[in-house]
**Q** 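Once you've had a glance at the structure underneath, I'll fire off some questions.
Naming: A, B, ... by sequence-line order, numbering from 1 per chain.
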2 protein chains.
Amino acid sequence: MSEKIEARHSVGAKRSEASAEAILNAAAAILAEKGYSSFSIEAVAKRARAGKPTIYRWWPSKAALLLDVYHRQKRPIPDHDTGSLEDDAFNFLRELFRNWRETPSGSIFRSVIAEAQSNEAAAKALRAYRKERKTHTAGIIERAKTRGEVPSDIDPFVAADLMTCYAWTQLLAGNLDDEEGLRRAVRHLISPWTV
Amino acid sequence: MSEKIEARHSVGAKRSEASAEAILNAAAAILAEKGYSSFSIEAVAKRARAGKPTIYRWWPSKAALLLDVYHRQKRPIPDHDTGSLEDDAFNFLRELFRNWRETPSGSIFRSVIAEAQSNEAAAKALRAYRKERKTHTAGIIERAKTRGEVPSDIDPFVAADLMTCYAWTQLLAGNLDDEEGLRRAVRHLISPWTV
DNA sequence: ATCTAAACGGAACGATACGTTTCATATCGA
DNA sequence: TCGATATGAAACGTATCGTTCCGTTTAGAT
């Protein structure tokens, strides 16, 4: 699933996309319902009504399957321009937290975090995602810059990265409900430019 | 190991502290040398030359043993007063990162983070440690307040917590060598009070 | 000094998940 | 039509799990 299959040089049946779909859905469902400690190839195969060899043929390891599930479930978080940088940042992170709480994405991402503590491929994926998030959040700040809400000579990436760090820590420590803390954190990160 | 044994009401051999010591040391060594994926009760027992029943008698689960190892290795990070809050915070976190890199503590803490993603007891320990760190870091800021470097009416806990979030994320993503990033992050977190 | 309760290390248990192999069946391309 | 390949199901040997038994050692009670 990681890469597109190159042009065939031989005859034979093609990969069953229905099976791949069922495997990825089953994996996501197990992570969402029972968490990473229950995530096993056996369990995924059983739930997907697939054979274990089918999974091992296409995913070299449990971690590879996990990362595929993770990439598949990524969805953009809605981000509205309210005209206030602090509100934009707060609303964005509040929506992210809500998404983590109410969809499988939180469980899946927590699993990637866990896996990354002893798996370099997962750690690499985590670093890439952090960079992506930082860039996205910096975009919110850039938007405020063009409004003149933020001085034009500042670097938005430091504050954007710190927002990412805060969000991740809230997730991994199980603190996604603390809206008051979120409000204070965002305010502190934005305040250097708005005082 | 978690709690002191209460007064005995019956005869018999006492717990072997030498064995407990060997088990905890073996567990820490395995985490440091081979990481959390190699951390098994079997491996700990073998390395400590202890029996598995001895481990299970005193620690109800692998997670409980991990948390005991984690609490046992905690050491205070040296923290000097340079007269500059930014330098104090930077130096403290740089020392913390060096400690995480060069002692088993980094591997052990990463394992606790991993475990906390599917274990509520570990997640609880993580929240407690975060609070402890936040309080400690806030102390560095309070010290600057008494010097007059920081306005007396501000709340140091938000910035202190954001420093903790940044440090943890650098650890879990494997970015402990980025001193330049650390410098920028600390500067941004401190700047609201020093502009 | 002897007795006895408890902890010890070692060995083995059944259970579970691992990754692999075998097999009969289904599916596609030449 | 035919041959190559993917599929699901089942079984395999291995490893670790958490537990149980066992014989030995330790130390408080008698």
**Q** Could you state the atom-to-atom distance from CG of B:Leu65 to C1' of D:dG18 in whole Å?
**A**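 Value for this atom pair: 14 Å.
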
**Q** Donor-acceptor check, side chain of A:His71 to backbone of A:Leu67, threshold 3.5 angstrom: yes or no?
**A**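 Checking the backbone N and O of A:Leu67 against the side chain of A:His71, a donor-acceptor pair under 3.5 Å is found.
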
**Q** For B:Asn91, which residues count as a side chain to side chain donor-acceptor pair (under 3.5 Å) partner, sequence neighbours excluded?
**A**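 Checked B:Asn91 against side chain to side chain donor-acceptor pair (under 3.5 Å); matches are B:Arg94.
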
**Q** Whole-Å distance between D:dG18 C1' and B:Glu42 CD?
**A** 9 Å

**Q** Is the number of heavy atoms from other residues, nucleotides or ligands within 6.0 Å of NZ (A:Lys131) greater than 12?
**A**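 Result for NZ/A:Lys131: open.
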
**Q** Going by side chain to side chain donor-acceptor pair (under 3.5 Å), name the residues that satisfy it together with B:Gln117, two or more places apart in sequence or in a different chain.
**A**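 Per chain and number, B:Gln117 pairs via side chain to side chain donor-acceptor pair (under 3.5 Å) with A:Arg110.
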
**Q** Taking the basic N atoms (NZ, or NE/NH1/NH2) and the acidic carboxylate oxygens, is any pair closer than 4.0 Å for B:Glu179 and B:Arg183?
**A**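 Salt bridge: no.
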
**Q** Any sub-3.5 Å donor-acceptor pair from B:Glu115's side-chain atoms to B:Leu66's backbone N or O?
**A**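 Not confirmed, B:Glu115 side chain does not pair with B:Leu66 backbone.
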
**Q** Could you list, one pair per line, each protein nitrogen or oxygen that sits under 3.5 Å from a nitrogen or oxygen of nucleotides 1-3 of chain C, together with the distance?
**A**
none

**Q** Distance check needed: D:dT7 P versus A:Lys46 NZ, whole Å only.
**A**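 It works out to 21 Å between those atoms.
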
**Q** Sequence neighbours excluded and cut-off under 3.5 Å, please list the side-chain donor-acceptor pairs for residues 45-53 of chain B, or say none.
**A**
residue	atom	partner	partner atom	Å
B:Arg47	NH1	B:Glu33	OE1	3.1
B:Arg47	NH2	B:Glu33	OE2	3.1
B:Lys52	NZ	B:Glu42	OE2	2.5

**Q** Holding to side chain to side chain donor-acceptor pair (under 3.5 Å), I want the full list of residues that pass it with B:Gln170, two or more places apart in sequence or in another chain.
**A**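 Only A:Arg130, B:Tyr166 meet the side chain to side chain donor-acceptor pair (under 3.5 Å) criterion with B:Gln170.
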
**Q** Identify each atom pair where a protein N or O and an N or O of nucleotides 8-10 of chain C are less than 3.5 Å apart, giving names and distance.
**A**
residue	atom	partner	partner atom	Å
C:dC8	OP1	B:Ser16	N	3.3
C:dC8	OP2	B:Arg57	NH1	3.0
C:dC8	OP2	B:Trp58	NE1	2.8
C:dG9	OP1	B:Ser19	OG	3.1
C:dG9	OP2	B:Gly51	N	3.4
C:dG9	OP2	B:Thr54	OG1	2.5

**Q** For the pair made of CD1 in B:Ile41 and P in C:dA15, what is the distance, rounded to whole Å?
**A**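 Going from CD1 in B:Ile41 over to P in C:dA15 covers 21 Å.
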
